[in-house]
Amino acid sequence: VRILTSGRWFAPARSAAAPRRSELRVGIPRTLNIWSTHRFWLGFLAALGFDPRKVVFSGDTAEEQGREYGRGRGTVDCCYPVKCMSGHYGELLFGQKRKIDILLSPMIRSLPSFLHGQVVDSLACPRVMAAPENIKAGFMKEKDVFAAQGVKYLSPFVSLAEPPIVPKQLHGALKAALPDLTLAETQKAVAAGYAALDAFNRQMRGKGREILEWCAANDRPCILVLARPYHMDPGIGHEIEADLQAYGYPILWAQYFPTDPDLMDWMFGDDVRSGKLSSPFDVKDVWPSSYSANTNEILWGAKAAARVPWISGVIRFVSYECGMDQPTLTPVQKIVESSGTLFFSFQDLDATKPAGSVKIRVETIAYYLERTSAGIIARKKGQIGSPGPLLAKETEDPPLGEKAPTQGDVGVGVPA
Amino acid sequence: VKIAGVDVGSTTVKAVVVEDDRILWQDYQRHHTRQAEKVLEFLGRLEAECGFESGSDAVLFTGSGSGFIAPLVGGKVIQEVVAVAAAVEKLHPDVSFVSEIGGEDMKTIFFASAGAGRSKQVYMQSACSGGTGTFIEKTARKLQIPAEALAQMTYDGQALHKISSKCGIFAEADANTLVKGGVPVEEIIASLFEAVVYQNLATLTKGNTPAPQVLLLGGPNLFFTGLQQAWRHHLMNIWTERKVPLPDGDPDALIQVPQEALYYAALGCVEIGKADAESARYRGTDRLVWWIEQGQHEQKAREGRNGLVAGEADMVQFLKKYAGVSGARGGLAERAQKSGGSTEPVIVGCDFGSTTAKAAILAADKAVLFTCYVQSRGNPIEDAKDLMRQIREAGYEHIGALALTGYGKDLLKDVVGADAAIVETVAHARAALHFFPDADVICDVGGCDVKVMILRQGAVADFRLNSQCSSGNGAFLQGVAERYGVPLEDYAERAFAAKSLPALAMGCGVFLQSDIVNQQRKGWSAEEIMASLAAVLPLNVWVYACQLQNLRAVGRKFVLQGGTHRNMAVVKAQVDFITGKVPDAEIVIHPYSGEAGAIGAALCALDAWRDGRASRFRGFATVESLAYQTTTNEHTTCRWCPVNCKRTFIDVALPGGTGRAWSKVPVGEGFERVISGNSCPKGLVEDVNELRVVKARMEEAKRAYPNVGEMVRAGAFRGGAAAL
């Protein structure tokens, strides 16, 4: 891991004069696997004494962002989710009212995943992992733009699926920039980071469970999205699922599917007891080469969709020329459709939203969901047999919105 | 010894002859796709005008056409970028950035000091028309701007408009829209210059900063004043933005366009030839003459593929299967006559497309009783009245249910009192499944768009639409037939007559056009070219326009529909193409190829009617006497994009109409508004006021139905400060 030192605010001899961590502004590009590790970094930095209010994320991906900040900085040709990162770097370097001191762009080799332990590995796509190096090159070719802007570039290589080795990785990568950083301190901060991420994920799964329980109580359909985490970025996934939401369908994402034991037992218990699966989180029946965290979760999501009656439709997002998604297209479709669930995929997503054809497709999907959801729910209920834990609670059924989470709820505290 | 450098480009041939560092001769001419002939002419002039001799002098070639010509005359081939770089290194040792734009390609070269010498990085693209000279010229031709005027047109001081920089065909469409919107041609051309510079910077700099000195080369950079201005504007911006240190003096002098800008590749050949003239010894023109007179025709015979039909038996079998399908033959007008009327309740489906509106009448048992159509006149109310009048006059008085589909469906639903507005994919799928219950794929090739619908579990699981690109659609075929003076009805017969045909390359329509000229020149006839266009159409439809590589994965029963499939040559090519990919494929032509949408809508309406619901149809009398007022003024002009379409608001008097109190053109209760005159769907929304109303409605729906992704978007990054 290379750390670029500008030497402006840090020089070993004057380390006593270096600003306190709480005064440093840290910029993080809101891209790629940051979309599933956001809270880890916030929790980690806060525990190290950084001021969470001074940790800034770049904005959503946007074509204007790329034009204004990333133009001419592309290096090797690659998929749009990686390519757009130039714009994020540029925005953090040039587009801030108050300049950042550190640009933190981790190279995430492996990811925390709720399937870890039941799968071969939880690696990130290699292109995604190496993206910071690729993008950095565009800012280094002719002159060191980071140094010129007085920004320290930190790109720690981390294996987040293996918590025991993470403190050493981060300590090694950060100590050049934070000379007084100790390994013990890093260990604590990493633990705080995982705790913050876990809390957030738990909260999101809780929202997912609320949605499913409401659907079960009201016999109403919902939609499950199968995609990579960065497809939540409005500039990458183009918020296509939100267009369907407006037709009256609650939206679940596979990454935040509830994993409570009662629910898992209802969905996968028979397969586990019969020995077909070693655990509810085992995907080897459909995806033996389970190396990629994001891919594994998409395949698992497909299995979940097939089993839950109220998921009457699945939406798949795939970015243009994604080599990781390519081999999964047919298996995912087959798993979902084998249960009679409707399956629609938006492939070749790129920089621009093809608004005209997306509108027609969304209307099309809404038409079929409206006409067939009741039948799909009834058939799938028959397949799974028992009513299950989603219906166990006798709930009054107010419209979901009244107890629906608002933005204000989603505030799992970052340790101060 | 004399050394000649010859640059055989995509549009011109350029040549220089140098002896002892002195230029003896130079010329450039357009070759109008006759590269070999023009080179022969140039070599003849070299021999006559400056004593160029075979056996002693040397000739080096570069450019897209150099590969096959050089071996014929004993010359040597130099890669284009290498040639340009050699000339620049010799003539301008202090240049750091070079842009050379050609007719169908573009290149950049970055020079940097490296130790004692200089290192260079070169980038080039020649696969796409975006960023090349053709990109500008194609649209300029369409706008009928003479070459001399184009050369004088400026960039500085012109208002710029958004024009797709990626593709010449998209750009031409954008330019058309701008023209319609009354934008002056000067501003459109300036926007084209902008697009070309943008495209070069966006795709060919790869992280390098074009630093001074800068050299602009190639025909477009030399001839178009406006393009030079656009470069100056953008380069100065980049230099300011990236704080590139500039030497004192006139910054304009940092960007040079040398008088010999056209000849740099040729001059570079000469430079390289100086080092080793022996291997580039000129051998005279005998073999080039032979190639022009005979060789290329022999090559034609070798390269050609077989005709559309493999033989008598193939043709008989094909016709037996497909010739009887009515949809492939008779037009709408013929069938519209066959109508007797009925007093029973009938089901009506109407398809309001962008150019025509169609209606289909179904009996309760789903039999198609009657179809009719009108050419759209830009006022959907009048189109609807016209269709209803035709239906009534045909003798159908009792409408049991009515559904609309197509572009105008949502606008007209309440106005005519339709029972449903059906999205076009659903309507098409419904119609296809009605006639072919096991259909897997619907391929609809119309005059200006291509649609593919993939069906699974009785639903449209995937949908591909290409309305942006002319490759693959019927208009292109029609254009070529017109150029040959062949009526469209005779297309198939003529195309079937071809025994062999040239292999046209799939893809970009801009390059397909020049490919056709090229093949014609090789001696291919009109029949053969028409046949080959039909043959390449499936490739353009499935692979290029719809990005479907693996047909086997989408199914085995294919339904062909849309106007272009009335052309049996296209059907034959489709059948062979699909069967080639999916050997057990079953391919059928929709019996109501053009009216599938209207029939599908009617079938959807039938569901509602069967449920016993009463139709909301307002009745013939009401529809035909619909009273409306139209408004066209500065408040109805669309402001969503710079095109500023002059829209018309049509306010129809309807009991129960909700009105639009918030509008800039307010209308009271008892009226419904229909918008026309917009050129894209965005214009169906009045302005930000309406967007606010629409958004608020959407937000309300979203609040009631949460989205975990939205919660993540809103919450996961908080705790950090908001960016910016």
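Chain naming here is simple, since letters A, B, ... match the order of the sequence lines and numbering starts at 1 in each.
- Only the side chain of A/Gln333 comes within contact range of chain B, judged by heavy atoms closer than 4.5 Å.
- Under the salt bridge (charged side-chain N to carboxylate O under 4.0 Å, His left out) criterion, A/Asp243 pairs with A/Lys353, sequence neighbours left out.
- A/Glu363 is linked by a salt bridge (charged side-chain N to carboxylate O under 4.0 Å, His left out) to A/Lys359, B/Lys409, counting only residues two or more places apart in sequence or in another chain.
- Using a 4.5 Å cut-off between heavy atoms, A/Arg98 does not touch chain B at all.
- Two residues are said to be in side-chain contact when any heavy atoms from C-beta on lie closer than 4.5 Å; A/Phe257 and A/Leu212 meet this criterion.
- Residue A/Tyr368 touches chain B through its side chain alone, counting heavy-atom pairs closer than 4.5 Å.
- If you tally non-hydrogen atom pairs under 4.5 Å between each of A/Tyr256, A/Phe94, A/Tyr367, A/Phe139 and chain B, the highest count goes to A/Tyr367.
- When heavy atoms are compared at a cutoff of 4.5 Å, B/Ala429 approaches chain A solely by way of its side chain, counted from C-beta outward.
- Using a cutoff of 4.0 Å between basic side-chain nitrogens and carboxylate oxygens, B/Asp462 and A/Arg361 are scored as salt-bridged.
- With a 4.5 angstrom heavy-atom cutoff, B/Ile422 touches chain A only via side-chain atoms.
- For A/Thr341, the part lying near chain B is the backbone, with the side chain staying farther off; criterion is any non-hydrogen pair under 4.5 Å.
- Side chain to side chain, B/Trp231 and B/Asn200 fail the donor-acceptor criterion of an N or O pair below 3.5 Å.
- Looking at A/Phe344, the atoms closer than 4.5 Å to chain B (heavy atoms on both sides) sit in the backbone and in the side chain alike.
- Contact annotation for A/Asp60: neither backbone nor side-chain heavy atoms come within less than 4.5 Å of a heavy atom of chain B.
- Only the side chain of B/Tyr123 comes within contact range of chain A, with at least one heavy atom under 4.5 Å from a heavy atom of that chain.
- The contact between A/Ile34 and chain B is made by backbone and side chain atoms together, counting heavy-atom distances below 4.5 Å.
- B/Phe717 has its ring centre no less than 6.0 Å from the ring centre of A/Trp41.
- Around the OH atom of A/Tyr320, the shell of radius 6.0 Å holds no more than 12 heavy atoms that belong to other residues, nucleotides or ligands.
- Listed options A/Glu337, A/Gln347, A/Arg371, A/Gln255 were ranked by heavy-atom pairs under 4.5 angstrom with chain B; first place goes to A/Glu337.
- Donor-acceptor pairing under 3.5 Å is recorded for the side chains of B/Glu194 and B/His234.
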